[in-house]
Amino acid sequence: MTGENQLVDASPRTPDGAPVPPAPVPPAPVPPAPVNSVPAMPAPAPTAAPEQVSRARRLALPAFTLASVAAAFAYVGTVDPNEPGHYPVCPLFRLTGVLCPGCGGLRSAHAFAHGDLVTALGANAMAVVGYFGFAVFMALWLVRAYRGAPAPRFAPQPRYWWAIGAVALVFSVIRNLPFGSALAP
């Protein structure tokens with residue numbers, strides 16, 4: 001072979017003509033660990049997706065809440081608040097003689113627990129509205145938990161809180177006036 005087409009073999013050879021094997025490449029040095037390093041934390045265990053959570057687990061919190069409220073109503077239904085000495089007197093009523101929006105709430109709960117809706121409304125109508133509102137919320141929560149849907153959120157806008165406060169104030173004023181005595185307990 002001559003000229004440009006001649007291939008030059010420049011690899012090293014042993015005295016007997018065999019090619020010399022390449023030298024092994026040493027591994028890259030590992031840098032030393034810093035003195036104040038924190039050991040790596042293991043990855044957190046994967047959590048179950050909401051659809052994989054058991055129905056019993058989804059129903060546990062709403063059922064516990066409902067059982068707690070039912071126990072409170074059972075207690076108030078058993079221990080009559082109309083008999084003096086069982087429950088403390090409203091401090092606002094005791095000091096000023098003014099009925100607050102909550103005055104009569106225990107008597108209302110007692111009547112409601114016994115199924116006497118007329119007496120419950122007479123003791124505290126706002127409380128009865130609250131009982132029914134709570135019942136609707138609990139029914140919605142239980143149905144959604146049973147179906148695996150997220151829990152309902154009760155997060156009214158500030159204007160609704162102001163409206164609730166205004167209704168409670170008007171209710172308090174009216175029940176303390178002579179013409180609103182039907183709303184007084």
Side-chain angles (χ1 to χ4, degrees), residues 46-185:
T47 58
E51 61 271 357
Q52 295 175 342
V53 176
S54 71
R55 182 171 287 155
R57 190 173 179 120
R58 288 190 317 256
L59 288 170
L61 185 58
F64 176 75
T65 303
L66 186 60
S68 300
V69 171
F73 266 91
Y75 179 78
V76 173
T78 304
V79 180
D80 190 2
N82 294 310
E83 296 176 14
H86 291 290
Y87 299 99
V89 178
C90 172
L92 181 67
F93 183 72
R94 174 168 257 169
L95 294 174
T96 65
V98 174
L99 296 169
C100 74
C103 282
L106 285 173
R107 289 185 284 270
S108 174
H110 179 76
F112 194 81
H114 286 277
D116 189 359
L117 189 58
V118 174
T119 305
L121 283 168
N124 192 326
M126 272 190 61
V128 174
V129 170
Y131 305 152
F132 283 114
F134 178 78
V136 168
F137 180 79
M138 281 306 304
L140 181 63
W141 192 9
L142 285 167
V143 167
R144 290 181 117 192
Y146 183 81
R147 291 182 179 169
R153 285 193 58 208
F154 181 71
Q157 296 175 357
R159 65 180 177 194
Y160 294 121
W161 284 115
W162 283 103
I164 291 169
V167 167
L169 180 65
V170 169
F171 177 72
S172 294
V173 169
I174 290 175
R175 74 191 311 211
N176 284 292
L177 296 174
F179 66 85
S181 63
L183 295 174

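Remember, predicted model here, so these are calculated numbers, not experimental data.
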> What pairs meet the ring-ring contact (aromatic ring centres under 6.0 Å, His included) rule with one or both residues in residues 66-96, with sequence neighbours excluded?
Replying inline: F73-Y131
Shortest non-hydrogen contact between [X] and [Y], atoms and distance:
X	Y	result
A111	A120	CB-N, 3.6 Å
L142	L59	O-CD2, 3.7 Å
C90	C103	SG-SG, 3.5 Å
V76	A109	CG1-CB, 3.9 Å
P101	N124	O-ND2, 2.8 Å
N176	G97	OD1-O, 4.4 Å

To the nearest 0.5 Å, what is the distance between [atom1] on [X] and [atom2] on [Y]?
X	Y	atom1	atom2	value
W141	L61	CH2	CG	4.0 Å
D116	R107	CG	CZ	14.0 Å
H114	T78	NE2	OG1	7.0 Å

> Does the side chain of F171 reach to within under 4.5 Å of the side chain of L99, using non-hydrogen atoms?
Replying inline: no
>> Could you check whether any side-chain N or O of R58 sits under 3.5 Å from a backbone N or O of A145, counting only pairs where one atom can act as donor and the other as acceptor?
In response: yes
> Does the T96 side chain pair with the main chain of L92, one donor and one acceptor, at a distance under 3.5 Å?
Replying inline: yes
> What pairs with F132 under ring pair (Phe, Tyr, Trp, His ring centres under 6.0 Å), at least two apart in sequence or on another chain?
Replying inline: F112
> More than 12 non-hydrogen atoms from neighbouring residues, nucleotides or ligands closer than 6.0 Å to CZ on F134, yes or no?
Replying inline: yes
>> Show every side-chain hydrogen bond (donor to acceptor under 3.5 Å, both in side chains) that has at least one partner inside residues 161-175, sequence neighbours left out.
In response: none
> For Y146, is the NZ or CZ atom of R55 found under 6.0 angstrom from the centre of its six-membered ring and inside 45 degrees of the ring axis?
Replying inline: yes
>> Between D80 and H110, is the side chain to side chain contact (heavy atoms under 4.5 Å, CB included) condition met? List the steps.
In response: CA-CA 7 Å; D80 190 2; H110 179 76; 3.4 Å; yes
